[in-house]
Amino acid sequence: MADYAAEPASRGIGRSLLLTLPVALWALLMFSRALMLPGVAVKVAALLTLVFLVTLFFQMVRTRQTNRWRRWFFATLGFLFPIGFVWELVALRGSMSIPMEKMIAGDTPFCFMVIPMILLPAALTRTVIFPGAILPTASNPHSIAAMIGLWMAATLVLGKGWCAYGCFFGGIEEGVAAMPRKARVRKIDGRWRLVPWAVLAAIVLLSLATFAPTYCEWLCPFKTITEYAEVRSIETAIQAGIFLSLFFGLVIVMPWLTKKRTQCAFFCPFGAFQSLFNKIHIFDIRIRRDQCTDCVLCQNSCPTMALNKQSVADDKTLINCMHCGACVDICHKDAAVWHIKGTPVGTAPERARLLHLYAAWGFAIMFGGSIIAGTLTKMLGFLG
Amino acid sequence: MRLLTEAALLGLASGPACLASCGPVLTPWLVAERAGWRRAFGLLSVFLGGRLAGYLLFAVAAGLAGATMPLGARERALLFAAAHLGLAATLVAYGLRPRRRAEPPLVTIGPARRSWMPVLLGLFTGLNLCPPFVVAAVRAMETGSVTGAVLFFLAFFAGTAVWFVPFAALGALRVAETVATVARFTMLALAAYYAYLGILTLLGRLLHG
Ligand code: SF4
Ligand code: SF4
């Protein structure tokens with residue numbers, strides 16, 4: 001029998017502290033090395049990050065709201081990642097652009113966005129079509145093996161939740177989308193949601209045909225704030241133009257106008273690929289039909305349009321749900337709920353949420369936390 | 001006879017390269033068609049017919065020119081650009097074409113409407129100067145006559161065509177409406193890529209003579 005008893009609005013402080021304790025210990029373990037390193041900047045950065053992440057978790061537990069607090073972490077990650085990354089590039093090679101010689105030498109840092117493109121060529125020909133190093137080197141610590149290992153771990157723990165707890169690029173859009181008070185563009189055709197699948201199909205087919213990482217060469221909006229090939233020809237100039245237009249259009253202007261993560265929802269092929277892993281993920285969001293009033297608040301709140309009329313009627317989300325929790329937070333009828341697959345919908349949804357959060361926040365501290373702390377260290381060191 | 005065997009073997013050996021070259025066009029198109037086995041084979045045959053027409057046109061033109069090299073760099077670039085732009089236009093037309101009606105009309109007057117698009121897709125992919133095509137063109141020119149070149153391309157085509165048969169399975173898939181829509185979007189994305197290749201080649205020619 002499903003347990004539909006309404007939960008009290010917020011938890012007591014003592015109980016919330018107790019539930020936060022495992023995460024605090026995990027964070028302490030993760031940052032213990034940094035806290036013991038010589039130098040004030042590194043210690044202060046680690047401590048600030050630790051306190052920030054543990055406080056957010058505490059608030060998620062206390063208020064029973066997920067997205068409201070998760071967004072702060074995610075936007076911070078999105079803001080600090082490019083700063084730290086570019087800082088590192090400039091320190092290593094004096095510029096954001098990567099010269100051809102470095103590419104040939106396999107010095108391009110590997111990015112998880114490439115994964116869907118390299119799988120088929122690697123399976124068919126045992127060739128990795130990316131100019132990076134398989135194992136970490138002194139000049140390129142972001143090796144192919146390390147990133148694929150990290151992605152596999154994240155996928156097991158989070159499924160598509162990678163897009164809400166791991167992807168620093170998504171953090172930038174989330175930060176921009178959170179700024180305006182109201183969306184100026186509200187009516188968006190649901191078919192745009194299919195475009196990321198088409199981009200995924202196109203880049204996989206073209207990568208097989210050309211044996212080149214097509215997405216990185218032509219379509220990655222995030223080259224604008226990470227690194228790009230040196231502009232030396234018409235071709236590289238056009239590429240740079242495409243990167244800039246996609247970045248400003250989909251990551252800045254459209255999120256501002258729609259309050260949605262437009263790059264993630266309407267373009268990102270990696271997000272589409274990652275959605276497939278929701279099928280094997282044990283957590284999902286469900287709708288209790290008997291509580292739902294079809295008010296569409298949840299649909300409007302979803303940053304990736306993973307809910308529509310039909311899916312709400314079918315009591316579930318679409319495949320591209322990233323488990324951000326915005327729909328659950330906003331549902332005033334407690335109809336949108338966290339759920340563990342295989343259990344009846346509505347059985348202890350708060351327990352399902354907490355279990356999901358332990359896994360997701362554990363990953364967030366390890367991955368996003370280390371990026372935030374790393375960048376803060378550089379910034380504090382710079383300030384003296 | 002020896003030459004024809006060589007052409008057929010060259011075609012067979014070039015199969016994977018042909019698939020890599022034509023696969024990006026064939027895959028979304030056939031998935032979007034949701035044709036069923038019979039119609040999928042029909043569509044594939046028309047596509048291959050278009051592709052053969054592309055080969056033969058090239059063979060006749062090059063044979064008539066009587067050159068030892070199939071084309072000069074300038075002509076090659078122009079043909080490459082035209083084929084890519086044509087392919088892009090066909091993909092756009094296909095991607096944006098209104099969907100076939102789910103139910104056939106009760107009464108159909110006049111002959112069934114035929115679409116030229118599979119022929120055009122075949123023709124433009126046939127002319128897209130992929131590496132095996134260029135190798136075949138060089139060998140065909142060495143035959144020294146139009147007939148020789150045409151026969152060489154016919155045998156080469158037969159060798160490559162074998163590799164395309166499994167694609168019919170994609171057309172036979174009865175995928176959901178959503179997947180078919182994704183396939184159409186994919187054709188539009190690929191159209192942008194081929195259009196870009198065509199335009200870049202033209203620009204390169206204009207700027208560098
Ligand atoms: S916000 Fe809640 S009540 Fe409103 S449509 Fe969504 S699930 Fe139903
Ligand atoms: S359906 Fe809900 S949890 Fe999933 S992405 Fe949309 S708002 Fe977030």
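Source: prediction; values computed, not measured. Every chain is numbered from 1 and lettered A, B, ... according to where its sequence line falls, protein lines coming before strand lines.
Val195(A) touches chain B through backbone and side chain together, each having a heavy atom under 4.5 Å away. At a 4.5 Å heavy-atom cutoff, the contact between Thr210(A) and chain B is made by side-chain atoms alone. Using a 4.5 Å cut-off between heavy atoms, Ile203(A) does not touch chain B at all.
In plain terms, the two heavy atoms of Ala202(A) and Ala189(B) that are nearest each other are CB-CB, 3.9 Å.
Tyr196(B) places a side-chain heavy atom less than 4.5 Å from the side chain of Ile238(A). Two residues are said to be in side-chain contact when any heavy atoms from C-beta on lie closer than 4.5 Å; Pro24(B) and Leu208(A) fail this criterion. Taking 4.5 Å as the limit, every side-chain heavy atom of Leu219(A) sits out of range of all side-chain heavy atoms of Tyr193(B).
Residue Thr181(B) holds its OG1 atom at 6.0 Å from CG of Leu194(A), rounded to the nearest 0.5 Å. Distance check, rounded to the nearest 0.5 Å: OG1 of Thr178(B) to CH2 of Trp197(A) gives 11.0 Å.
Around NZ of Lys279(A), the count of heavy atoms belonging to other residues, nucleotides or ligands within 6.0 Å does not exceed 12.
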